[in-house]
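Inspection log for the structure reproduced underneath, given as structure tokens.
Just so it is clear: chains get the letters A, B, ... in the order the sequence lines come, proteins before strands, and each one is counted from 1.
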Number of protein chains: 2
Amino acid sequence: MDDSNYIDLDEETLFLVSQTFKALSDPTRIRILNLLFNREFSVNEISEHLHLRQSTVSHQLRFLKNLRLVKFRREGTSIYYSHDDEHVLNVLNETIQHALHH
Amino acid sequence: MDDSNYIDLDEETLFLVSQTFKALSDPTRIRILNLLFNREFSVNEISEHLHLRQSTVSHQLRFLKNLRLVKFRREGTSIYYSHDDEHVLNVLNETIQHALHH
DNA sequence: TGTTTATATGAGTATATGTGCATATATGTA
DNA sequence: TACATATATGCACATATACTCATATAAACA
């Protein structure tokens, strides 16, 4: 391979990149991240706003939490989630804008 | 919803965005797009460079072609593929760089 | 402690996805 | 036309994924 800026991706990078995009490849997760764009929401609030079952939201939040795309804080019995990765959120937002205007 | 820049995503946008990221969520497709970053390659060349079966490459190229992420031209019996979406390629490249340096 | 409310999790299920084999299609050439 | 080479495609199969129900866990409060 004689192309100067070709980078042969190692397995770890490949896995991390694919996992990141996998997080953004599901409509439900996109809706959740899009909702969290401006401010935090509790699990129930997300569930109500997006008309999703509580367990569905919880499962997807665990997915996003494992990838460190969201963070949370407890307040009484509620748990408030907010986004935690500027880069990924920018990528998502750019692509949404791109889709909306094309 | 009183948050000014919250956008309730319509189904079509949601589908397009999720499909775009789905294209980038598979290691094989990432490797192919990454290979095509600098120049075009035939199906066989891709197959040899990445050590993938010809049918696997062909299947994935069809996927990428349907999303208009790659284009192709015929030359004799060979078909040369190259990338065809600057935005998506930028997003992929940014995320690869982000993963490599963090 | 017992009850209520909020969230997390395990199991089951239906569907989606990625790959490989075998084969079809298409182009070039003898 | 017959044959070789390159690519595409249908089918089968194993695995991954997203969702739902039921239930577990955790905090607040009477």
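Whole-Å rounding puts the B:Arg62 CZ to C:dA24 C1' distance at 13 Å. Between the CD1 atom of B:Ile79 and the P atom of C:dA26 there is a distance of 11 Å, rounded to whole Å. Atoms CG (B:Asp26) and P (D:dT15) sit 16 Å apart, rounded to a whole Å. The distance from atom CD of B:Glu45 to atom P of D:dT5 is 17 Å, rounded to the nearest whole Å. Rounded to a whole Å, the CZ atom of B:Arg53 is 18 Å from the P atom of D:dA8. Rounded to whole Å, atom P of C:dT19 lies 8 Å from atom CD1 of B:Ile32. A:Ile30 places its CD1 atom 15 Å from the C1' atom of D:dT17, with the value rounded to the nearest Å. Counting to the nearest Å, the C1' atom of D:dA6 and the CD atom of B:Glu75 are 13 Å from each other.
The number of heavy atoms from other shown groups lying within 6.0 Å of CZ (B:Phe72) does not exceed 12. Other residues, nucleotides and ligands place more than 12 heavy atoms under 6.0 Å from the CZ atom of B:Arg73.
Taking side-chain N and O atoms only, A:Tyr81 has no distance below 4.0 Å to OP1 or OP2 of C:dA6. At the phosphate of C:dA6, neither OP1 nor OP2 sits under 4.0 Å from any side-chain N or O atom of A:Thr77. At D:dT7, one or more side-chain N or O atoms of B:Asn44 fall inside 4.0 Å of OP1 or OP2 (strictly under the cut-off).
Proximity of a side-chain donor or acceptor of B:Lys71 to a complementary backbone N or O of B:His83 within less than 3.5 Å is detected. The backbone N or O of B:Lys22 sits less than 3.5 Å from a side-chain atom of B:Ser25, completing a donor-acceptor pair.
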Fill in: Intermediate values then yes/no, side chain to side chain donor-acceptor pair (under 3.5 Å), A:Glu94 and A:His98
CA-CA 6 Å; A:Glu94 280 170 24; A:His98 192 258; over 6 Å; no
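Between the side chain of A:Thr28 and the base of D:dC19 there is no donor-acceptor pair of N/O atoms closer than 3.5 Å. Donor-acceptor pairing under 3.5 Å, judged by distance alone, is absent between the side chain of B:Gln54 and the base of D:dA6.
Each of A:Thr56 and B:Thr56 was assigned the nucleotide of DNA chain C with the nearest heavy atom; the assignment lying further toward the 5' end belongs to A:Thr56. Remark on DNA chain D: of its neighbouring residues A:Gln19 and A:Gly76, the 5'-side contact belongs to A:Gln19, judged by nearest-heavy-atom nucleotide.
Stacking of the aromatic ring of A:His59 onto the base of D:dC19 is not found under the criterion of centres within 5.5 Å and planes under 30°.
Comparing C:dG18, C:dA8, D:dA8 by their nearest atom to the side chain of B:Val43 picks out D:dA8. Of the candidate nucleotides D:dA18, C:dA8, C:dA6, C:dA6 has the atom lying nearest to any side-chain atom of A:Ser78.
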